[in-house]
Structure formats: structure tokens, C-alpha cells
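To start, the structure under review is shown below, and the notes come after it.
As a basis for the values below, the full set of heavy atoms in this structure was taken, side chains included, without hydrogen atoms, waters or symmetry mates.
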2 protein chains.
Amino acid sequence: MLTEKDKRSFQDYLTQKGLKLSGPRMKILEVVLQGTKHLTANEIYGNVQKRYAGIGYATIYRTLRLLCEAGLCMELKCEDGVCRYEHAGDDAHHDHLICTKCGRYVEVVDPEIERLQERLFKVNGFFPQRHRLELYGICRKCKG
Amino acid sequence: MLTEKDKRSFQDYLTQKGLKLSGPRMKILEVVLQGTKHLTANEIYGNVQKRYAGIGYATIYRTLRLLCEAGLCMELKCEDGVCRYEHAGDDAHHDHLICTKCGRYVEVVDPEIERLQERLFKVNGFFPQRHRLELYGICRKCKG
DNA sequence: GCTAATTTGATAATGATTATCAACTTCAAA
DNA sequence: TTTGAAGTTGATAATCATTATCAAATTAGC
């Protein structure tokens, strides 16, 4: 799942910003894009360690920020106070359905809801930037 | 805005839990219910200090938790990683429109959106518990 | 008023994230 | 290919909101 396109995309972003593509950055990009979605920085640190020992915490955080800025990742500020990261891929915006028992994240979109949100912005005289919708419940598996 | 009903409500909650209604708890209840909505614990601490010096940080946090449990307050986990509190009053559930320039919070509800959210839960086999919807944009005043 | 149970304030601890800094890499030009 | 200025790294200290700890002070039912 680590395409040449992604690599180039990261490379381009760095160059454009006058930054450099280092070994650690490349390794982190690889592990993040090949791993599961919705991992914490700590979990990503663990995954990176497994394959490439020696990369520090700070570099994980720094690189995750770069990946977000480059549009390759998205940061979710979760209710437990910890950030989770999902690789953005080419998929459009989506919201999340979150199981409060097992912590599973399901991605959902409802175009109708999106439309009504735009209306709420307009009605209240706000220029829309972004939104966050999280639905908390218990998934079928946990409900038993 | 601190009604007898609120006092009784807090008192009842404490009694029912085998807890006590102390001076500090009463003072914090008063300041919180009379103050603005969407304040941080830190801001509430400041407001309490102004009127009743000597109450410690820990007591603010502890009492805010009790007020939430008693249904007199609600905690909002905000994107900046800080919690804000709003007194629940009798008003129903609502979502928030947040100005990214001035930080203003506007409370909004759209019954249609609420309905569609329920449908999303159902379609995905989730038992619904609660949700969080935050709309970020720039308010008319800041837009100029 | 007495007393057991609860609460308080001060402060240390926690846990995620960010800042610091000397040593190490990168990369474009020579 | 060597070089050196600029950027990066890992270790670790710092930060910041929130919680835990604990001895001293308060509360409420008798």
C-alpha cells in the first residue's frame, strides 16, 4: 500500500518546503501507510520499532505532523485525549462511528447530513471550514 | 440563575451517593451556574477565586465532575485538548458551531440531522449512545 | 456537642505531546 | 567525490491539563 505516488507526493512536499527526505522519514511513511488506520502515535512508534529499531519518539511525532501537512495523513483528536492517525489515501471526507466497548472505528458518510451541515453554517452566518461528527454506540459484535 | 431547584438537585444527588454538601461545593455550583457557558476549568477556577478566595484547583475539578454526574453540567472535550463546561439547564441536546478566529461557541440543533444520525447507527448495526457534532468556521463578525 | 466518614488544599504524579541541543545526515555545488 | 551549510535525529527535559495522595479540617446524623 506504499505507492510510488505516495513517495513522490511526500518528496514533493518536502522539497517545496526546503526540507529533506531522510531515512527515518521514509521508514515511518512506509510503516504508517502499510499499517492499520486509527492508530495512536504510541502504536505507530511500536510498529516502527518492530521493523526499524532506533527511531525515536520525537521523530515519530515530527514525521506524523509532516505527513498530515503533506495530505498523506489525517489526525483525529479523540475523546480519550489521544490523537489517532489515518492515512488519507484518495478517499473523500468521512465521519466516524465508534464502538464504546471495543474501540472500533467505522468510517461513514451521509451526503444528506453533509448538506444539512452546510445549511447550518449558512443560517448562522458562518463561513464553513470543516466539521467533526462522531457517533458513539455499541457495535453488533459487542452487543452480542 | 442559581435556582432553588438546582441546589436541591445537587443536594439530592450528593445525598443519594452518600456524599456531603460542603461550603466549597456550594460556592462552585453558584459561580458555575451564574457564569458564562463554555469556560475551561482554569477559567472557572479564576471566577471562583474572584468571589471566594482559597478554593483549590483540585476541588474545582472534583466538583465539576460531580456537577456533571448530577446532570447540572456537561463537559465538552475540545480540540485544543482542554475541557470546557456548560451548565445543562433544561435545554435539550445541542451541537456546536465554533468560530476558529474568536473561539465563540454557538449552540445549534437540526432535528433532521439528528434523525439521519440515528439512521446511520441503525444501518451499521450500532446501538446508539451519543454523538458529537462540531462545525468549525468563521463567524460573521470575524469575517468582517 | 461527638465522632465517624467525607472533604479540602497543597502538591506530587501522570501521560501525551513539544522543545532543546549536540551529534549526525543530506544534498547541491564545487 | 568531497565539502559544508542547512536540516534532522535521538535522548531527554519541559509543558500543560488533569488526577492521585495525604494530613488537617468539615460535615451530618446521633
Neighbour count above 12 (heavy atom, 6.0 Å) for B/R51 CZ: yes
Could you give the OH-to-P distance, from A/Y57 to D/dA13, as a whole number of Å? 16 Å
Between P on C/dT8 and CD1 on B/I60, what's the gap in Å once rounded to a whole number? 10 Å
Between A/M26 (CE) and C/dC27 (P), how many Å, whole number? 11 Å
Can you tell which of C/dT17, D/dT18, D/dT9 lies closest to the side chain of B/V82? D/dT18
For A/L21 and D/dT8, give me the distance from atom CG to atom C1', rounded to whole Å. 12 Å
OP1 or OP2 of C/dT17 less than 4.0 angstrom from a side-chain nitrogen or oxygen of A/Y61, does that happen here? yes
Distance test, side-chain N/O of B/R65 to OP1/OP2 of D/dT18, below 4.0 Å: no
Could you tell me if the side chain of A/T36 sits less than 4.5 Å from the side chain of A/E43, heavy atoms only? no
Can you tell me the distance, in whole Å, between the NZ atom of A/K20 and the P atom of C/dA28? 9 Å
Using whole Å, report how far CG of B/L67 lies from P of C/dT7. 13 Å
Side chains of A/Y52 and A/E30: donor-acceptor distance under 3.5 Å anywhere? yes
Could you check how far CG of B/D80 sits from P of D/dA17, rounded to whole Å? 9 Å
Taking the nucleotide of DNA chain D with the nearest heavy atom to each, does B/P24 or A/S22 sit closer to the 5' end? A/S22
Which of these nucleotides, D/dG10, C/dA16, C/dG9, is closest to any side-chain atom of B/I55? C/dG9
Nearest-Å distance for atom pair CD/P, residues B/E75 and D/dA17: 15 Å
Of B/A58 and A/L19, the one whose nearest nucleotide on DNA chain D sits closer to the 5' end is A/L19
Indicate yes or no for a side-chain donor-acceptor contact from A/D6 to the backbone of A/L2 under 3.5 Å, with no hydrogens or angles considered. no
Any side-chain heavy-atom pair of B/Y85 and B/C68 under 4.5 Å: yes
Record whether the side chain of A/R62 comes under 3.5 Å of the base of D/dG10 through a donor-acceptor pair of N or O atoms. yes
